[in-house]
> 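Once you've had a glance at the structure underneath, I'll fire off some questions.
The figures that follow rest on heavy atoms only: side chains count, while hydrogens, waters and symmetry mates do not. In what follows, every chain begins at residue 1, and chains take the letters A, B, ... in the order their sequences are listed.
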There are 2 protein chains.
Amino acid sequence: MSSPRERIINTASILFHQQGYNSTGINQIISEANVAKASFYQHFKSKEALCIAFLNARHEYWFSELLSFVAKAEHSKAKLLNAFDFIIQMNQKENFRGCSFLNILSEISKEQDDILSVIQAHKNDLRSFFEKEIGDELLSAHIYLLFESAIIESQLFKSNELVEKSKKIIDSLI
Amino acid sequence: MSSPRERIINTASILFHQQGYNSTGINQIISEANVAKASFYQHFKSKEALCIAFLNARHEYWFSELLSFVAKAEHSKAKLLNAFDFIIQMNQKENFRGCSFLNILSEISKEQDDILSVIQAHKNDLRSFFEKEIGDELLSAHIYLLFESAIIESQLFKSNELVEKSKKIIDSLI
DNA sequence: TTATAAACAGACAAGTCTGTCTGTAATATT
DNA sequence: AATATTACAGACAGACTTGTCTGTTTATAA
C-alpha cells in the first residue's frame with residue numbers, strides 16, 4: 001500500500017475535484033484515505049497546505065496527459081485540435097467537472113494569495129504551451145481563450161457541444 | 001428604509017459576490033442586513049432559495065446594465081466591442097470578482113440542479129444576445145466563447161490584458 | 001381603539017468544521 | 001535486542017453552520 005502522504009493527496013484529488021474544496025472536510029479525506037488525523041497534520045500543516053500540494057500534483061498529472069495526447073499528432077494544427085479532443089476525453093473521464101484550478105479560484109478569498117499564485121502559474125504554463133506551438137502572440141492568446149472557455153462551457157452545460165464548435169472555429173482560423 | 005427582503009438580497013449580493021457562496025453564512029447576511037433570523041426564514045425557505053433569488057436579481061441587473069452599455073453604439077461591430085468594455089467597467093467596479101454565475105457553478109454539488117438551471121438560463125440568454133446581434137451561428141458562438149473567457153481570465157490575473165486582446169481579436173475578425 | 005400582521009431579538013438543537021492533544025501500536029534503524 | 005521514528009485511534013476544544021422556536025415589539029388595517 002502507498003504511503004499516507006500519497007493516500008491523502010490521491011483522496012483529496014478525487015474529493016476536491018468532485019465535491020469542491022470548501023465542501024470537502026479533512027475528516028472525510030482522512031477517513032477515506034485510511035489515515036489518522038495526527039498523521040495528516042504531520043504531513044500538512046493546514047488544509048490550505050494540502051490544497052497547494054494537490055494543485056501541484058494536479059498540474060503535473062494534467063500537463064503530462066495533455067502533452068502525451070498532443071504528441072500523437074505530427075503537425076501544429078493537428079496538435080491544437082488534439083488539445084481540444086483532450087478536453088472531451090477529460091470531460092468523459094471526470095464527469096464534466098471542469099478545471100480544478102478555476103473551480104478553486106472561485107472558492108478562495110482575497111487573503112489566499114498563495115493558492116492564487118499556483119493557479120496563475122498553471123495557466124501561464126498553458127499559455128506558454130500555446131505560444132510555443134503557434135508562435136504568433138495574438139493568435140496563441142486567441143486559441144488559449146477558446147481553450148479556456150471550451151472547458152468551462154462544457155462544465156456548465158454538461159456537454160461537448162461548444163468544444164466541438166471550438167474545433168470548427170480553429171479549423172477555419174488556422 | 002427598504003423592506004427586509006430587499007435588504008437581504010442586497011446584502012447577499014455583495015457578500016456572495018465578494019466572499020463566495022459557501023463562505024458566506026446566513027448569520028452574517030442577516031446581521032449586516034439588519035434583519036431577524038425569523039424574518040429571513042419567512043421570506044426564504046432555505047439558503048438555496050436565497051441563492052436562486054440572488055441569481056435572478058443578478059441576472060436582471062447585469063443584463064440591463066449590459067444592454068444599456070451596448071446601446072451607446074450604433075453599429076453591430078461597435079456594440080460588440082462595447083460589450084467587452086462593459087467587462088472592463090465591471091472589473092473595476094467589482095474588483096475583478098468575475099462572473100457570479102460561474103463562481104457559484106464551481107461551488108455547487110451534483111444535487112443542486114435548481115441552481116444549475118438558473119445559471120444555464122442566464123448563459124443561454126447571453127448566447128442569444130450575441131446570436132441576435134451577429135446573425136451567423138458559428139461566429140456568434142465564437143464571440144460568446146471569447147466573452148466568457150475574457151471575464152474569467154481577468155478574474156484569474158486581476159487584469160484587463162486579455163479583455164483588451166479579445167477586442168483586438170474581434171476587430172480583426174469582423 | 002382594537003385586531004391582525006409583520007418584524008424584531010435571540011436562545012437553542014444538531015450538526016459541521018479545523019486543528020490539537022494523549023496515548024498506543026507498528027515499523028526502521030542502530 | 002534496544003532505540004527512534006512513524007502511524008495509528010480517537011477524544012477534545014472552540015468555533016462555525018443551517019434551521020427552528022419562543023416570545024416581544026412595532027406597524028398596519030378595520
Side-chain angles (χ1 to χ4, degrees), chain A residues 1-55 57 103-104 106-116 118, chain B residues 1-55 57 103-104 106-116 118:
Chain A
M1 209 187 194
S2 50
S3 74
R5 195 176 194 280
E6 281 177 281
R7 272 178 283 151
I8 290 167
I9 298 256
N10 288 339
T11 307
S13 293
I14 295 165
L15 294 177
F16 285 169
H17 202 261
Q18 237 150 52
Q19 313 178 342
Y21 174 64
N22 283 324
S23 303
T24 303
I26 297 290
N27 291 325
Q28 188 185 8
I29 293 170
I30 59 168
S31 150
E32 295 191 17
N34 283 105
V35 165
K37 190 170 263 194
S39 307
F40 173 87
Y41 282 99
Q42 203 129 4
H43 290 286
F44 305 97
K45 79 170 229 293
S46 66
K47 189 186 177 185
E48 195 170 321
L50 170 64
C51 181
I52 288 169
F54 153 66
L55 288 177
N103 283 337
I104 286 181
S106 293
E107 296 208 51
I108 57 173
S109 68
K110 264 199 296 292
E111 286 74 36
Q112 296 169 289
D113 353 9
D114 296 359
I115 295 177
L116 179 61
V118 179
Chain B
M1 210 187 193
S2 49
S3 74
R5 195 175 195 281
E6 280 177 281
R7 272 178 284 152
I8 291 168
I9 298 256
N10 288 339
T11 307
S13 293
I14 294 165
L15 295 177
F16 284 168
H17 203 261
Q18 235 150 51
Q19 313 178 342
Y21 175 64
N22 283 324
S23 302
T24 303
I26 297 290
N27 291 325
Q28 189 186 6
I29 292 169
I30 59 169
S31 149
E32 295 192 18
N34 284 105
V35 165
K37 189 170 264 194
S39 306
F40 173 88
Y41 281 100
Q42 203 128 2
H43 290 285
F44 305 97
K45 82 169 227 294
S46 67
K47 189 186 178 185
E48 196 171 319
L50 169 65
C51 180
I52 288 169
F54 153 67
L55 288 176
N103 284 337
I104 287 181
S106 293
E107 295 208 51
I108 56 172
S109 68
K110 264 197 298 289
E111 285 75 36
Q112 297 168 290
D113 346 11
D114 296 358
I115 296 177
L116 179 61
V118 178

> Could you state the atom-to-atom distance from CZ of B:F40 to C1' of D:dT17 in whole Å?
13 Å
> Roughly, in whole Å, what's the span from CD1 in A:I26 to C1' in D:dC16?
15 Å
> Give B:S31 one of three labels, base, sugar-phosphate or nothing, depending on what nucleic acid heavy atoms sit under 4.0 Å from its own.
nothing
> What heavy-atom pair brings B:I108 and B:L116 nearest, and what distance separates the two atoms?
CD1-N, 4.0 Å
> Between B:I29 (CD1) and D:dC16 (P), how many Å, whole number?
16 Å
> Can you list the residues that meet the side-chain contact (heavy atoms from CB on, under 4.5 Å) rule with A:V35, with sequence neighbours excluded?
A:P4, A:R7, A:I8, A:A33, A:S39
> Output the rounded distance in Å from CD (A:Q112) to P (C:dT18).
13 Å
> Can you tell me how far C1' of C:dT18 sits from CD of A:Q28, to the nearest Å?
15 Å
> Tell me the closest heavy-atom pair linking B:S46 and B:Y41, and the distance in Å.
CA-CE2, 4.3 Å
> Compare every heavy atom of B:R5 with every heavy atom of B:F44, then report the nearest pair and how far apart it is.
CE2-NH2, 3.7 Å
> Please give me every residue in residues 43-53 of chain A whose heavy atoms get under 4.0 Å of an atom in DNA chain D, ordered by residue number.
A:H43
> Rounding to a whole Å, what distance do you find between A:I30:CD1 and C:dG19:C1'?
11 Å
> How close or far is atom P of C:dC17 from atom OH of A:Y41, stated in whole angstroms?
11 Å
> Considering only nitrogen or oxygen atoms on both sides, find all protein atoms under 3.5 Å from nucleotides 8-12 of chain C and state each distance.
residue	atom	partner	partner atom	Å
C:dC8	OP1	B:N34	O	3.2
C:dC8	OP2	B:A36	N	3.4
C:dC8	OP2	B:S39	OG	3.2

> Does A:K47 make a cation-pi contact with A:F40, if we ask for NZ or CZ under 6.0 Å from the ring centre and within 45° of the axis?
no
> Taking B:Q112 for its side chain and B:S109 for its backbone only, find out whether a donor-acceptor pair lies under 3.5 Å.
yes
> Show the nearest heavy-atom pair for residues B:T24 and B:L15, with the distance to one decimal.
OG1-O, 3.4 Å
> Looking at every non-hydrogen atom in both residues, tell me the closest pair between A:I9 and A:F54 and how far apart they are.
CD1-N, 4.3 Å
> Output the rounded distance in Å from CD (A:E6) to P (D:dA7).
12 Å
> When you look at B:Q19 and B:Q28, which way does the side chain to side chain contact (heavy atoms under 4.5 Å, CB included) test go after all the steps?
CA-CA 11 Å; B:Q19 313 178 342; B:Q28 189 186 6; 3.0 Å; yes
